[in-house]
Amino acid sequence: MSIRTNYETWYEGDTYYWGLEPGDFLDELIDLCPPAPDKKVLDIGCGEGKDAVYMAGKGYQVSAFDLTENGIRKTLALAKDRNVKINAYVDDINTFNIRDEYDIIYSTGTVQYLFEENKKAFFDKIDQMTKAGGIVFFNVFVEKPFLELPPDWDIEEKMWKSGELFTFFPDWKIERIDEVIFEDHSGGKPHFHCMDTIICRKMM
Ligand SMILES: C[S@@+](CC[C@H](N)C(=O)[O-])C[C@H]1O[C@@H](n2cnc3c(N)ncnc32)[C@H](O)[C@@H]1O
């Protein structure tokens, strides 16, 4: 892959940049769509694989992709270490092709890397790739006029408008919609983020 991002560098070492604790919402997704040998999960922008490997350990068939070769190398290493199978590969959210259909599609901290002109096509693909009855999870940082841009904001990232994420799922059953403001100390300076989260089910 020819694009080299900051993440490629951050993921170079042996330590896990995002740690190894699974994401906050995974157990909620597991309750909404419990594991079974034929249930498939896709993690989009999986980073170094902590969430994808956690889901594989719960008994799902897991696929995961990320733009970084180092992230995928570490995802596969973590899966081997935890003795689970995972289908992890390098791909780009802006250009990927559909490979399968899934019961859970999960993507945390990544859709702000979608180019504006690709948003609709991306969510059309999400619709096509989700099985009827399946669950999706997305979150995204959103702009608020009273919040400053975080000090470590990546120039490749694009803040979304408040509520915009929710507009891509008008025909789905909403299981959770959240907008939260929280304090963060990354980049060496305390600052606030606003984040929108959606969990919803494709009914038909
Ligand atoms: C904030 S990190 C989140 C990583 C992971 N989901 C986690 O929670 O540990 C954002 C991830 O998006 C990936 N990313 C950035 N641009 C991407 C793109 N165009 N296609 C696929 N992944 C991308 C980065 O490499 C990075 O791993």
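For ligands, and for the atoms within them, numbers begin at 1 and follow the listed sequence. Everything numeric here is computed off the predicted structure, so don't read it as measured data.
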Novice: Which heavy atom in G19 sits nearest to a heavy atom in K50, and how many Å separate them?
Specialist: O-CD, 3.4 Å
Novice: Which residue holds the protein heavy atom closest to atom 18 (C) of ligand 1, what is that atom called, and what is the gap in Å?
Specialist: I93 CG1, 3.5 Å
Novice: By number and element, which atoms of ligand 1 are closer than 4.0 Å to a non-hydrogen atom of T108?
Specialist: 3 (C), 6 (N), 8 (O)
Novice: Can you confirm whether more than 12 heavy atoms, excluding those of E21, are under 6.0 Å from its CD atom?
Specialist: no
Novice: Who pairs with F123 by ring pair (Phe, Tyr, Trp, His ring centres under 6.0 Å), at least two apart in sequence or on another chain?
Specialist: F138, F168, F169
Novice: Got the closest protein heavy atom to atom 10 (C) of ligand 1, with its distance?
Specialist: G109 O, 3.2 Å
Novice: Look at the rings of W10 and Y7 and say which category their plane angle falls in: under 30° parallel, 30 to 60° tilted, over 60° perpendicular.
Specialist: perpendicular
Novice: Testing the 3.5 Å rule here: is there a donor-acceptor pair between the side chains of K40 and S63?
Specialist: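 No, no side-chain donor-acceptor pair sits under 3.5 Å.
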Novice: If you count the atoms of ligand 1 from 1 in the order shown, which ones are under 4.0 Å from a heavy atom of G47?
Specialist: 4 (C), 5 (C), 27 (O)
Novice: Any chance the side chains of Y54 and D27 put a donor and an acceptor closer than 3.5 Å?
Specialist: yes
Novice: Can you tell me which portion of E156 lies within the under-4.0 Å heavy-atom range of ligand 1? Options are side chain, backbone, both, or neither.
Specialist: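 Neither; no heavy atom under 4.0 Å.
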Novice: Could you identify the single nearest non-hydrogen protein atom to atom 25 (O) of ligand 1 and state the distance to 0.1 Å?
Specialist: D66 OD1, 2.7 Å
Novice: For residues 118-132, which residue pairs pass the salt bridge (charged side-chain N to carboxylate O under 4.0 Å, His left out) check, not counting sequence neighbours?
Specialist: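 Salt bridge (charged side-chain N to carboxylate O under 4.0 Å, His left out) check on residues 118-132 returns D103-K131, E116-K119, K119-E164, K120-D124, D127-K202.
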Novice: Side chain or backbone of S107 under 4.0 Å from ligand 1, or both, or neither, by non-hydrogen atoms?
Specialist: neither
Novice: Go through ligand 1 atom by atom and flag the ones less than 4.0 Å from a non-hydrogen atom of W18.
Specialist: 1 (C), 2 (S), 4 (C), 9 (O)
Novice: Please determine whether any non-hydrogen atom of Y11 lies less than 4.0 Å from an atom of ligand 1.
Specialist: yes
Novice: Hey, does G71 sit under 4.0 Å from ligand 1 if you only count heavy atoms?
Specialist: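 Distance cut 4.0 Å: G71 fails for ligand 1.
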Novice: Does any N or O atom in G45 lie less than 3.5 angstrom from one in ligand 1, N or O only?
Specialist: yes
Novice: For ligand 1, which atoms have a heavy atom of K50 less than 4.0 angstrom away?
Specialist: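 Once the distances to K50 are compared, the set is 7 (C), 8 (O), 9 (O).
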Novice: Apply side-chain hydrogen bond (donor to acceptor under 3.5 Å, both in side chains) to the pair N70 and T68, showing each step before the final yes or no.
Specialist: CA-CA 5 Å; N70 283 323; T68 59; over 6 Å; no
Novice: Of all the atoms in ligand 1, which lie at a distance below 4.0 Å from a heavy atom belonging to Y7?
Specialist: 1 (C), 2 (S), 10 (C), 24 (C), 25 (O), 26 (C)
Novice: Looking only at heavy atoms, is any part of D91 under 4.0 Å from ligand 1, and if so is it the side chain, the backbone, or both, or is it neither?
Specialist: backbone
Novice: For ligand 1, which atoms, with element, lie under 4.0 Å from some heavy atom of T68?
Specialist: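 Atoms satisfying the 4.0 Å criterion: 25 (O).
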Novice: Tell me whether E143 is salt-bridged to K158, with the criterion being a basic N under 4.0 Å from an acidic carboxylate O.
Specialist: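 The answer is no: the pair does not qualify as a salt bridge.
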Novice: Determine whether a donor-acceptor pair (N or O, by modelled atom type, separation under 3.5 Å) exists between the side chain of N139 and the backbone of G109.
Specialist: yes
Novice: Does any N or O atom in L67 lie less than 3.5 angstrom from one in ligand 1, N or O only?
Specialist: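 Between L67 and ligand 1 (N or O atoms, distance only) the closest approach is under 3.5 Å.
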Novice: Given D43, D92, T110, which has its nearest heavy atom closest to atom 19 (N) of ligand 1?
Specialist: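 Among D43, D92, T110, the closest heavy atom to atom 19 (N) of ligand 1 comes from D92.
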Novice: Which atoms from ligand 1 have a heavy atom of C46 less than 4.0 Å away?
Specialist: 5 (C)
Novice: Any idea which heavy atoms bring V90 and L67 closest together, and the distance?
Specialist: CG1-O, 3.6 Å
